[in-house]
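Whatever order the structure lists them in is the order used to number ligands and atoms, beginning at 1.
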Amino acid sequence: MIVLGLETSCDETAAAVVAEDKRVLADEILSQEAEHRPFGGIVPEVAARGHLDHLDRLITRALERARTPWKSLAAVAATGGPGLIGGVMVGVITAKAIASVRRIPFIAVNHLEGHALSARLIADVAFPYLLLLVSGGHCQLLIVEGVGRYVRLGTTVDDAAGEAFDKAAKLLGLSYPGGPAIERAAATGDPGRFDLPRPLIGKPGCDFSFSGLKAALARRVRELGALDPETVRDIAAAFQDRVALHLAERTRNAIAEFRTRHPSGDHLVVAGGVAANTEIRARLQRLADEHSLRLIAPPARLCTDNAAMIAWAGIERLRLGLADPLDFAARPRWPLDPRAPKAPGAGVKA
Ligand code: KG4
Ligand code: ZN
């Protein structure tokens, strides 16, 4: 079974061809980073236009690289949400057109499910497992019980982890996207020089909050005035250290909950763009070792937005006979666990 996957929910236009035996036959990604950089963030209209301009060409290239003729495709999967709606619609409409012309199933994939199942594309990870999903738009702890079956243990009450990185980078005068820029600066910085808060340290629960840390950082930057490069590196290192600590400590609480519900569960998975961060991975590895859990952190290319994970989620769904009708409507919001209570505080993240 070979599936074409499309991803257009944020600022990456991507098309991939993946086989059921886990071979990624093609994985094409076009980042719009350069287009959005002058704005210091993603502009939805610019993103939608970019997807429209490039998606067809990427699909053709992916099929060529995969040496897969159209007639060999078993299905086409596209991100159906959550995300920037203009972009999601571009991918969904394209996939529907392919499905109807080629007479193959169309699968609308929840972008978050794409991230959640990506670990199963690179390793033998059985359900249930504990997932820390950390990206530019999301910051959640979930138990993945099966395809389409998620229990959310925690979410952010304010910013997502990647969003916090992006805002911190802006304050420090570093480039967009902020996560990689902070990681580079932090590599030679001293995390102990600046005293930034440790969010929710010692508190029970699995929700996240970054606003206190962000406010403290903004205050510090204001007090310091002009920042010399060494100071930027030290602040970046302190910020990254506190974020990594926060993610690990909330995950520690989630492990206790996971173990209560599933005593034999033995995997901790981290996914999403922020999971590309080496310091965060190292901290999670220590935590996993402490609890005799196996940590699965997909390679950076599979952590940041990509279409291979969408094609793979399509394969997982198709195997269960789950396809979608052609009147599926793109969804700006699409929580993985619709029963989960809204996050305390103002957060309305999916
Ligand atoms: O998953 P992703 O590619 O897109 C979303 O679905 O949001 O995540 C993008 C986010 C951005 O906020 C970016 O700053 C962050 O992931 N990110 C990182 C790193 N690489 C990307 N954050 C920390 N360290 C990194 N190395
Ligand atoms: Zn994502």
Side-chain angles (χ1 to χ4, degrees), residues 5-14 16 27 29-33 36-37 40-42 44 47 78-84 87-88 91 109-119 131-140 142 156 159-172 174-187 189 208 210 213-214 236-237 239-248 269-284 297-310 312-313 332-334 336 349-350:
L6 309 180
E7 162 59 39
T8 57
S9 67
C10 197
D11 63 340
E12 263 91 25
T13 316
D27 184 14
I29 301 187
L30 190 76
S31 172
Q32 301 177 357
E33 246 167 60
H36 298 286
R37 190 170 290 128
I42 297 161
T79 292
L84 301 172
V88 175
V109 171
N110 183 319
H111 178 83
L112 304 177
E113 178 157 74
H115 281 300
L117 299 178
S118 61
L131 169 73
L132 171 65
L133 175 57
V134 274
S135 70
H138 303 276
C139 191
Q140 307 188 354
L142 298 139
T156 181
D159 289 344
E163 202 177 353
F165 269 108
D166 294 336
K167 289 178 179 172
K170 213 169 183 176
L171 284 168
L172 293 175
L174 297 171
S175 63
Y176 173 84
I182 293 214
E183 181 169 12
R184 274 192 303 275
F208 300 88
F210 296 92
L213 180 55
K214 191 179 63 188
F239 179 80
Q240 178 178 268
D241 174 78
R242 303 311 185 268
V243 172
L245 176 71
H246 183 42
L247 294 177
V269 171
V270 59
V274 179
N277 186 285
T278 316
E279 171 67 24
I280 291 171
R281 284 174 181 238
R283 192 89 62 134
L284 292 171
R301 188 176 170 85
L302 201 55
C303 277
T304 51
D305 286 348
N306 66 88
M309 69 179 191
I310 303 303
W312 175 251
R333 290 240 170 93
W334 190 354
L336 278 180
K349 304 259 148 65

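- Not a single heavy atom of Gln240 lies less than 4.0 angstrom from ligand 1.
- Of the options Thr156, Asp159, Val243, a side chain to side chain contact (heavy atoms under 4.5 Å, CB included) to Phe208 is made by Thr156 and by none of the others.
- In terms of protein heavy-atom proximity, atom 26 (N) of ligand 1 is closest to Glu183 OE1, 2.7 Å.
- For atom 15 (C) of ligand 1, the nearest non-hydrogen atom from the set Ile280, Thr278, Ile182, Val274 comes from Val274.
- Close approach of ligand 1 to Gly178 (heavy-atom distance below 4.0 Å) involves ligand atoms 14 (O).
- Between Thr304 and ligand 1, not a single N/O pair is under 3.5 Å apart.
- Counting only heavy atoms from C-beta outward, the side chains of Asp27 and Arg301 approach each other to under 4.5 Å.
- Residues Leu174 and Ile182 are in side-chain contact: their nearest non-hydrogen atoms beyond the backbone lie under 4.5 Å apart.
- No side-chain donor-acceptor contact under 3.5 Å links Gln140 to the backbone of Leu132.
- Of the heavy atoms in His111, only side-chain atoms (C-beta onward) come closer than 4.0 Å to ligand 1.
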**OP:** With side chain to side chain contact (heavy atoms under 4.5 Å, CB included) as the test, would you mind laying out the steps for His115 and Asp305 before giving the verdict?
**Re:** CA-CA 8 Å; His115 281 300; Asp305 286 348; 3.1 Å; yes

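- With the Zn ion (ligand 2) as the vertex, NE2 (His115) and NE2 (His111) define an angle of 90°, rounded to 10°.
- Partner Pro82 forms a side chain to side chain contact (heavy atoms under 4.5 Å, CB included) with one of Val88, Leu336, Asn110 and no other, that one being Asn110.
- Of the protein's non-hydrogen atoms, Gly136 N, 3.7 Å is the one closest to atom 9 (C) of ligand 1.
- Nearest protein heavy-atom neighbour of atom 14 (O) of ligand 1: Asp166 OD1, 2.8 Å.
- Residue, atom and distance of the protein heavy atom nearest to atom 21 (C) of ligand 1 are Gly273 O, 3.4 Å.
- Listed for the Arg184 side chain is no donor-acceptor partner under 3.5 Å among the backbone atoms of Gly179.
- The Zn ion (ligand 2) sits nearest to atom OD1 when only the N, O or S atoms of Asp305 are considered.
- Looking at Asp305 next to ligand 1, an N or O pair under 3.5 Å apart turns up.
- Both the backbone and the side chain of Asn277 come within contact range of ligand 1, each with a heavy atom under 4.0 Å.
- Not a single N, O or S atom of Cys10, from either the backbone or the side chain, sits less than 2.8 Å from the Zn ion (ligand 2).
- Considering both main-chain and side-chain atoms, Gly162 comes within under 3.5 Å of ligand 1 through a nitrogen or oxygen pair.
- Counted by atom type alone, Gln240 and Asn277 present one or more donor-acceptor pairs between their side chains at under 3.5 Å.
- The residue from Ser9, Gly137, Cys10, Gly179 that puts a heavy atom closest to atom 22 (N) of ligand 1 is Gly179.
- Glu12 and Thr304 share no side-chain donor-acceptor pair at under 3.5 Å.
- Between Arg281 and Cys303, the closest side-chain pair of non-hydrogen atoms falls below 4.5 Å.
- Among the backbone and side-chain atoms of His138, none of the N, O or S atoms lies under 2.8 Å from the Zn ion (ligand 2).
- Arg242 CZ to His246 NE2: the interatomic distance, rounded to the nearest 0.5 Å, is 13.0 Å.
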